[in-house]
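Structure record follows, encoded as structure tokens.
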Protein chains: 2
Amino acid sequence: MTDRPDLAAMISPLSRALIDAELPVLHEHGLSMWAYSVLLALDERPLRTQAALAEAIGADKTRIIGYLDDLQRKGLIERTPDPADRRVRVLSLTAEGRRVRDSAQAGIRRKEERLLARLSPEDRRGFLRALRTLAALPPEEIAGA
Amino acid sequence: MTDRPDLAAMISPLSRALIDAELPVLHEHGLSMWAYSVLLALDERPLRTQAALAEAIGADKTRIIGYLDDLQRKGLIERTPDPADRRVRVLSLTAEGRRVRDSAQAGIRRKEERLLARLSPEDRRGFLRALRTLAALPPEEIAGA
DNA sequence: GCCTATCATCTGCATCCGCATATCATCTGT
DNA sequence: ACAGATGATATGCGGATGCAGATGATAGGC
């Protein structure tokens, strides 16, 4: 029952392989991993501050600035000064940003579907459900137990 | 059906959180992640060359040397010159190496069990089976499709 | 015996990362 | 009005990483 390879020993190389597989897809769309993460996070809901964005995608708030500059320069996001608090730059996706996000994500999905096709329907279902559950946990909960 | 977060977007942060959670456990045993990987790999089967080891655990063959030096200095592994080919250093775990590996792994398992306890039995089963399947794939297979 | 390939090792380079610090603008509570 | 907190930004440090040589020892094919 408990005889299994370490979780991390299976997950980490898998994560690395996934990223290696998907990075070329993103590059075709002119995106880095961080840039793609930003587009994904902003699509779910607009964020009011850059610090909140960094927090949401697990990025360093100082390192993320360059990526935001890039995305803004390419017209994929907007940084609007918040009239209610002029320190804050409200972040939002442009129509073009949404388009690029959708087309990049479609490419990613195609790759991932071909991977998931190797699993039995039950395993696939359990895998995805478990992954959602675990990915939703705050890191402290994982560290704590 | 296909409406789900990107695999990589769930797996990568999870992998990161797992590592953050487990690193302190390894450090209690005086091990780094790479060192622990080495112990795990050598326990499964002794490897004849260091290049093969590096390949097996996805490490850089030049960067791994320092970790091997450390492990050898601590008496956890042995690097024996191969009489049949004196260029080669045959790698093996010492009894102490096995002991440290076991006790570190027990700590890791405890943490991981507490995490897996959050899953339903079916999801847990599917998750682990899927993980084994996917982790067994060579990276090229993941990249290729 | 000689040429080429292989193994372990060292070194240097460019990159990325998390983190800490500092600056400037601006907001908020008193 | 003033002090302290907060947001965006720039910068530098230390560590880790992938990668590309270069070297010395040794094997193996011819």
Side-chain angles (χ1 to χ4, degrees), chain A residues 12-13 15-17 19-21 23-24 26-27 31-38 41-42 46-73 77-92 139-140 143, chain B residues 12-13 15-24 26-27 31-38 41-42 46-73 77-92 139-140 143:
Chain A
S12 299
S15 168
R16 177 169 199 65
I19 289 177
D20 286 349
L23 217 39
L26 293 183
H27 286 166
L31 297 174
S32 67
M33 264 296 163
W34 286 122
Y36 182 60
S37 296
V38 169
L42 289 186
L47 289 168
R48 217 179 61 86
T49 76
Q50 298 182 182
L53 207 216
E55 162 90 27
I57 64 176
D60 185 294
K61 73 183 194 304
T62 74
R63 297 282 169 200
I64 213 183
I65 296 178
Y67 293 99
L68 295 180
D69 290 346
D70 257 10
L71 286 167
Q72 190 178 27
R73 207 176 307 121
I77 65 169
E78 268 176 347
R79 275 197 278 204
T80 321
D82 183 348
D85 182 344
R86 282 175 303 168
R87 291 170 305 181
V88 171
R89 316 290 195 87
V90 179
L91 299 164
S92 57
E140 311 84 60
Chain B
S12 299
S15 167
R16 177 169 200 63
L18 264 180
I19 290 178
D20 287 348
E22 298 183 357
L23 217 39
L26 293 182
H27 286 167
L31 296 174
S32 66
M33 264 296 164
W34 287 122
Y36 182 60
S37 295
V38 168
L42 290 185
L47 288 168
R48 219 180 58 85
T49 77
Q50 298 183 182
L53 207 216
E55 162 89 26
I57 65 176
D60 184 294
K61 72 183 194 306
T62 75
R63 297 283 168 199
I64 211 182
I65 295 177
Y67 293 100
L68 295 180
D69 290 345
D70 257 11
L71 287 168
Q72 189 178 27
R73 208 177 306 122
I77 66 168
E78 269 176 347
R79 274 197 279 202
T80 322
D82 183 347
D85 182 342
R86 282 176 302 172
R87 290 171 305 182
V88 170
R89 315 292 196 88
V90 179
L91 300 164
S92 57
E140 311 84 61

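First the proteins, then the strands, lettered A, B, ... as listed; each starts at 1. Just so it is clear, the values below take in all heavy atoms, side chains as well, and ignore hydrogens, waters and symmetry mates.
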Atom CZ of B:Arg16 and atom P of C:dC16 are separated, to the nearest Å, by 15 Å
*asked:* Using a 4.0 Å heavy-atom cut-off, does A:Asp60 contact any base of the nucleic acid, only the sugar-phosphate backbone, or nothing at all?
replied: base
**Item:** Base D:dG28 to side chain B:Arg87, donor-acceptor N/O within 3.5 Å cut-off
**Value:** no
By nearest-nucleotide position on DNA chain C, the 5'-leaning member of A:Ala59 and B:Ala52 is B:Ala52
Whether A:Trp34 contacts C:dC17 is assessed here as follows: a side-chain N or O lying under 4.0 Å from the phosphate OP1 or OP2. Is that the case? yes
OP1 or OP2 of D:dG7 versus the side-chain N and O atoms of A:Arg89: is any pair under 4.0 Å?
no
Worksheet entry | Candidate pair A:Arg16 and A:Ile19, rule side chain to side chain contact (heavy atoms under 4.5 Å, CB included), full reasoning | CA-CA 5 Å; A:Arg16 177 169 199 65; A:Ile19 289 177; 5.9 Å; no
Does a side-chain N or O of A:Gln50 approach OP1 or OP2 of D:dT9 to a distance below 4.0 Å, or not? yes
Closest to the 5' end of DNA chain C, once A:Thr62 and A:Asp85 are matched to their nearest nucleotides, is A:Thr62
Practice prompt. Report yes if at least one side-chain N or O of B:Tyr67 is closer than 4.0 Å to OP1 or OP2 of D:dA16; otherwise report no.
Written response: no
Taking every heavy atom of A:Tyr36 against every heavy atom of A:Leu31, the minimum-distance pair comes out as CD1-CD1, 4.1 Å
A:Asp69 atom CG is separated from D:dA10 atom C1', nearest whole Å, by 11 Å
Does a side-chain N or O of B:Arg79 approach OP1 or OP2 of C:dT9 to a distance below 4.0 Å, or not?
yes
Side chain to side chain contact (heavy atoms under 4.5 Å, CB included) evaluation trace for A:Leu91 with A:Arg79 = CA-CA 5 Å; A:Leu91 299 164; A:Arg79 275 197 278 204; 3.3 Å; yes
B:Ile64 atom CD1 is separated from D:dT17 atom P, nearest whole Å, by 11 Å
- Is B:Arg86 near enough to C:dT6 that one of its side-chain N or O atoms lies under 4.0 angstrom from OP1 or OP2? no
Rounded to whole Å, CD1 of A:Ile77 lies from P of D:dA8 at a distance of 12 Å
When rounded to whole Å, the CD1 to P distance for the pair B:Ile57 and D:dT17 reads 11 Å
